[in-house]
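What follows is a single structure, written as structure tokens, with notes after it.
Position 1 is the first residue of the sequence; numbering continues from there.
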Amino acid sequence: MTLHKGKLQNQTTRVNGLSMFARVFAEDLPEDAPVVILVHGLVLASRYMIPTAELLASKYRVYVPDFPGYGDSDKPDEALELPQLADVLCQWMDAVGIKQAIMLGNSFGCQIIAEFAIRHSDRLFAAILQAPTIDPRARNLPEQLWRFALNAPYEKASQLPIQVQDYAAAGLPRVIRTIQMAFNDRIEAKLPYMHIPTLVVRGENDPVVPQNWTQEVVEMLPNGKLNVIPGGGHTLNYSKPVELSRVCDEFIQEIVADLTTKGV
């Protein structure tokens with residue numbers, strides 16, 4: 001099935017005294033349409049997720065929140081640590097009335113989802129890990145900077161102003177702390193406990209998340225599968241949204257069909 005662009009609308013929700021901004025589906029969808037939450041990556045926010053969110057919003061109840069400290073959400077004095085990010089995501093779900101969801105994350109967003117899966121497993125229906133970080137062989141700043149430099153030709157130039165704006169909104173101390181928490185996290189220790197259906201998606205040319213690491217991620221997952229998108233880089237949600245949305249849609253439909261067959 002071909003996906004077309006759906007409408008998104010802005011939403012602001014109070015969570016623990018903080019205002020959390022989100023982009024939310026604005027289509028007239030069935031009540032039983034699956035909920036898909038897009039989880040942004042390192043220091044970035046919901047804006048660079050829009051191309052994929054719009055396509056999925058034509059069929060799914062899509063939500064794309066900015067975590068506290070990033071984008072258009074309130075900025076607490078201290079950066080939220082990874083467990084706090086997972087917890088505030090669950091609290092935000094409570095506030096907007098989401099009982100269970102499929103989560104699609106890019107890069108560091110995959111680390112948040114893995115943490116969420118450990119802490120709030122009953123709230124996660126399935127996961128899509130697009131370019132899961134961090135490859136243990138490159139858990140240092142020089143190697144990551146080099147890999148992102150190699151990745152640049154595979155991204156759209158229009159993404160750069162979004163990145164600059166989001167980094168400026170977060171502020172230097174929060175940028176530094178977020179990078180540190182990404183390096184300190186060991187996603188490989190959590191993946192074996194993610195028992196939900198999980199799709200891992202990699203861009204064929206992504207140097208940040210190489211093929212050998214991606215295959216290891218899939219092997220560590222109890223119920224994982226891999227899809228490689230030809231010609232793609234690290235940020236498929238912005239550079240190749242049509243291709244990413246298509247494989248996500250196929251994955252979600254497989255899950256729904258399987259549950260229907262089982263009578264769930």
Side-chain angles (χ1 to χ4, degrees), residues 11 13 15-16 18 20-24 34-46 48-49 52-53 56 60-71 73 76 78-134 174 177-201 209 217-218 220-225 237 244 248 251-252 255:
Q11 180 186 82
T13 308
V15 180
N16 287 342
L18 296 172
M20 281 186 64
F21 174 85
R23 303 174 195 275
V24 180
V35 173
V36 180
I37 299 174
L38 277 64
V39 182
H40 63 74
L42 192 76
V43 185
L44 298 173
S46 60
Y48 87 122
M49 308 292 281
T52 295
L56 293 176
Y60 302 104
R61 304 170 76 82
V62 168
Y63 295 80
V64 200
D66 290 352
F67 284 89
Y70 310 96
S73 290
E78 301 292 334
L80 299 185
E81 298 297 317
L82 192 57
Q84 293 174 301
L85 292 172
D87 288 348
V88 80
L89 179 55
C90 188
Q91 292 159 0
W92 171 82
M93 289 172 64
D94 290 338
V96 298
I98 299 173
K99 294 182 178 180
Q100 198 175 43
I102 299 165
M103 291 186 183
L104 162 59
N106 165 251
S107 196
F108 178 65
C110 300
Q111 294 176 251
I112 297 176
I113 292 174
E115 182 71 20
F116 186 97
I118 298 299
R119 301 175 71 86
H120 309 285
S121 60
D122 60 320
R123 308 299 294 275
L124 194 56
F125 181 62
I128 301 167
L129 306 180
Q130 197 272 291
T133 50
I134 291 177
R174 199 181 315 274
R177 183 58 199 143
T178 309
I179 293 172
Q180 289 174 337
M181 74 174 77
F183 286 147
N184 292 337
D185 178 53
R186 299 295 187 265
I187 190 174
E188 63 270 21
K190 303 168 190 174
L191 296 173
Y193 300 97
M194 290 182 64
H195 294 280
I196 54 171
T198 304
L199 174 67
V200 180
V201 185
V209 179
V217 169
V218 175
M220 284 184 276
L221 289 163
N223 190 6
K225 60 186 295 187
N237 51 283
L244 176 59
C248 290
F251 173 66
I252 295 170
I255 295 171

Dump the intermediate steps for side-chain hydrogen bond (donor to acceptor under 3.5 Å, both in side chains) on Y70 and T178, then the final yes or no.
CA-CA 11 Å; Y70 310 96; T178 309; 2.7 Å; yes
What pair of heavy atoms forms the shortest contact from [X] to [Y], and how long is it?
{"X": "N223", "Y": "H195", "result": "CB-O, 4.0 Å"}
{"X": "P68", "Y": "P76", "result": "C-CD, 3.9 Å"}
{"X": "S46", "Y": "F21", "result": "OG-CE2, 4.0 Å"}
{"X": "A117", "Y": "M194", "result": "CB-CG, 3.7 Å"}
{"X": "I196", "Y": "T198", "result": "O-OG1, 3.0 Å"}
{"X": "S73", "Y": "F67", "result": "CB-O, 3.6 Å"}

For R123, enumerate each residue passing the salt bridge (charged side-chain N to carboxylate O under 4.0 Å, His left out) test, keeping only those at least two apart in sequence or located in another chain.
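Scan of R123 (salt bridge (charged side-chain N to carboxylate O under 4.0 Å, His left out), adjacent residues dropped) gives D94.
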List the residues meeting salt bridge (charged side-chain N to carboxylate O under 4.0 Å, His left out) with R186, not counting sequence neighbours, and say none if there are none.
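R186: no salt bridge (charged side-chain N to carboxylate O under 4.0 Å, His left out) contacts found.
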Tell me whether D66 is salt-bridged to R23, with the criterion being a basic N under 4.0 Å from an acidic carboxylate O.
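Judged by the 4.0 Å cut-off on N to carboxylate O distance, D66 and R23 do not form a salt bridge.
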[X]: side-chain contact (heavy atoms from CB on, under 4.5 Å) partners, not counting sequence neighbours:
{"X": "Y193", "result": "I118"}
{"X": "S107", "result": "T133, H234"}
{"X": "A126", "result": "I102, P197, F251, I255"}
{"X": "E81", "result": "P83, Q84, R177, M181"}

Counting neighbours of CD on E78 that are heavy atoms of other residues, nucleotides or ligands and sit closer than 6.0 Å, is the number greater than 12?
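Counting other residues, nucleotides and ligands, CD of E78 stays at 12 neighbours or fewer.
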Taking the side chain as every heavy atom from C-beta outward, state whether [X] and [Y] have any pair of such atoms under 4.5 Å apart.
{"X": "V35", "Y": "K99", "result": "no"}
{"X": "D185", "Y": "I134", "result": "no"}
{"X": "V62", "Y": "I37", "result": "no"}
{"X": "W92", "Y": "T13", "result": "yes"}
{"X": "L85", "Y": "E115", "result": "no"}
{"X": "N16", "Y": "Q91", "result": "yes"}
{"X": "F116", "Y": "V39", "result": "no"}
{"X": "L129", "Y": "L199", "result": "no"}

Quick one: pull up [atom1] in [X] and [atom2] in [Y] and give me the separation to the nearest 0.5 Å.
{"X": "Q111", "Y": "I187", "atom1": "CD", "atom2": "CD1", "answer": "5.5 Å"}
{"X": "L244", "Y": "L104", "atom1": "CG", "atom2": "CG", "answer": "5.5 Å"}
{"X": "I113", "Y": "F108", "atom1": "CD1", "atom2": "CZ", "answer": "11.0 Å"}
{"X": "Q130", "Y": "C110", "atom1": "CD", "atom2": "SG", "answer": "7.0 Å"}

Any donor-acceptor pair under 3.5 Å from [X] side chain to [Y] backbone:
{"X": "Q100", "Y": "D122", "result": "yes"}
{"X": "R174", "Y": "G69", "result": "yes"}
{"X": "Y48", "Y": "G41", "result": "yes"}
{"X": "N106", "Y": "A131", "result": "no"}

Hey, are D87 and H120 close enough side-chain-wise for a donor-acceptor pair under 3.5 Å?
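Result is yes, a qualifying pair exists.
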